[in-house]
Asks: 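A single structure is presented below for examination.
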Amino acid sequence: MNRKRGSTREPLSGGGVGDAGPDGTGDGDAVASQTDDGRLVHVAPVAAGGRPSTRDMLVAAAIGVAGSLVVVPLTYLQVFAGIAHVYLVAATLGLWFLQCVVPLIVVRKPGASLIACLAMGVVSAATTPFGVAAIGALIMEGLLIELPFMVTLYRRWTRTQFVASAMLFSALMGTMAPRAVGVDSPTTPMTLISFAVAFASSLVFLVLGFAVAKGLRSRGVTR
């Protein structure tokens, strides 16, 4: 009978069956498969599972170090993005202040800011997701802006009072900025920084408000 062609496997370099690891997977050396006609065919080792070699651990460590070049900056970027988002909202509050304070600068009459804020609230209620809540929020802002003038019964109209209006506005709206972006328990430093950013923004837009008011007066808007 013809003998069925087969193959035998021998280690390529030293060792035998006794060199296999404790788990029976071997030490990962390459082996050669010998056919009946005497040819040797090199076979790559299958090293899945088993105890990792020193080289395996060094390769894994190198990949981890390389990966950290992305992960570490990304972590800081995510933290910074969350914090920056809070301060970005605070920085935009000056725009809100501008809309409410310009009527008071231009008209210089009691209730000017409240009336303007009420009008903005009605429009906002109809065009934004805040609905009627926008009316109350804007009236509160107008009230804060007019408060420094109320205490003098509107007998004085100084720039210091307008700065006080900016401070009161920022004290309320700036400290609410973290919660507005979903920070349920803002830290004290975050709250203070939000107030400072909002106050600085309001002062910048207050200067712009004086320029706008001057331009409107020169065009006879208040006549």
Asks: Evaluate the ring-ring contact (aromatic ring centres under 6.0 Å, His included) criterion for residues F205 and F97: first the C-alpha distance (whole Å), next the side-chain angles of each, then the deciding distance (0.1 Å), finally the verdict.
Replies: CA-CA 7 Å; F205 281 99; F97 179 72; 9.0 Å; no

Asks: How long is the straight-line distance from CE of M150 back to CD1 of I145, given to the nearest 0.5 Å?
Replies: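 So the gap between those two atoms works out to 11.0 Å.
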
Asks: Looking only at non-hydrogen atoms, find the nearest pair between G174 and P178 and report the distance.
Replies: O-CD, 3.7 Å

Asks: Just verifying a value: how many Å separate I193 CD1 and T175 OG1, rounded to the nearest 0.5 Å?
Replies: 13.5 Å

Asks: Nearest 0.5 angstrom please: L203 CG to L208 CG, how far?
Replies: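 Answer rounded to 0.5 Å: 12.5 Å.
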
Asks: A side-chain contact here means heavy atoms from C-beta on lying under 4.5 Å apart; do S194 and Y87 qualify?
Replies: yes

Asks: Taking S170 for its side chain and M167 for its backbone only, find out whether a donor-acceptor pair lies under 3.5 Å.
Replies: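 Flag not set: sc S170 to bb M167 has no pair under 3.5 Å.
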
Asks: Within the structure provided, determine whether W96 and E141 are in side-chain contact (heavy-atom separation under 4.5 Å).
Replies: yes

Asks: Could you tell me whether a side-chain N or O of S201 sits under 3.5 Å from a main-chain N or O of V197, the two making a donor and an acceptor?
Replies: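 No; zero donor-acceptor contacts below 3.5 Å.
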
Asks: Hydrophobic clusters here meaning ILVMFWY residues chained together by side-chain heavy-atom distances under 4.5 Å, can you tell me if W157 and L206 are in one?
Replies: yes

Asks: Is there a side-chain contact between L118 and L138, using heavy atoms and a 4.5 Å cut-off?
Replies: no

Asks: Ring of F210, cation from R159 - is the NZ or CZ under 6.0 Å from the centre and inside 45° of the axis?
Replies: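 Here R159 passes the 6.0 Å and 45° test against F210.
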
Asks: Grab the two heavy atoms, one from E146 and one from S113, that are nearest each other, plus how far apart they are.
Replies: OE2-N, 2.8 Å

Asks: If two hydrophobic side chains count as joined below 4.5 Å and joins carry through other members, does M176 share a cluster with L168?
Replies: yes

Asks: Consider only side-chain heavy atoms of I, L, V, M, F, W and Y, link residues closer than 4.5 Å, and tell whether Y154 and L144 are in one cluster.
Replies: yes

Asks: CE of M190: more than 12 outside heavy atoms within 6.0 angstrom?
Replies: yes

Asks: Got a second to check how far L104's CG is from S165's OG, nearest 0.5 Å?
Replies: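 One finds 7.0 Å between CG of L104 and OG of S165.
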
Asks: Closest approach of V102 and G209, non-hydrogen atoms and distance?
Replies: CG2-CA, 3.9 Å

Asks: Can you find a heavy atom in the side chain of L93 that is under 4.5 Å from one in the side chain of F199?
Replies: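 Heavy-atom side-chain distance check fails, nothing below 4.5 Å.
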
Asks: With rounding to the nearest 0.5 Å, note down the distance linking SG in C100 to CD1 in I139.
Replies: 11.0 Å

Asks: State plainly whether one hydrophobic cluster holds both M173 and L143, where clusters connect Ile, Leu, Val, Met, Phe, Trp and Tyr through side-chain heavy atoms under 4.5 angstrom apart.
Replies: yes

Asks: Say whether M120 and V122 are linked into one hydrophobic cluster, either directly or through other cluster members, by side-chain heavy-atom distances under 4.5 angstrom.
Replies: yes

Asks: Do F169 and V101 make a side-chain contact, defined as non-hydrogen atoms from C-beta onward lying under 4.5 Å apart?
Replies: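 With C-beta onward as the side chain, the pair stays apart.
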
Asks: Would you find more than 12 non-hydrogen atoms of other residues, nucleotides or ligands less than 6.0 Å from R156 atom CZ?
Replies: no

Asks: Which atoms form the tightest heavy-atom contact between T152 and F149, and what is the distance?
Replies: OG1-O, 2.9 Å

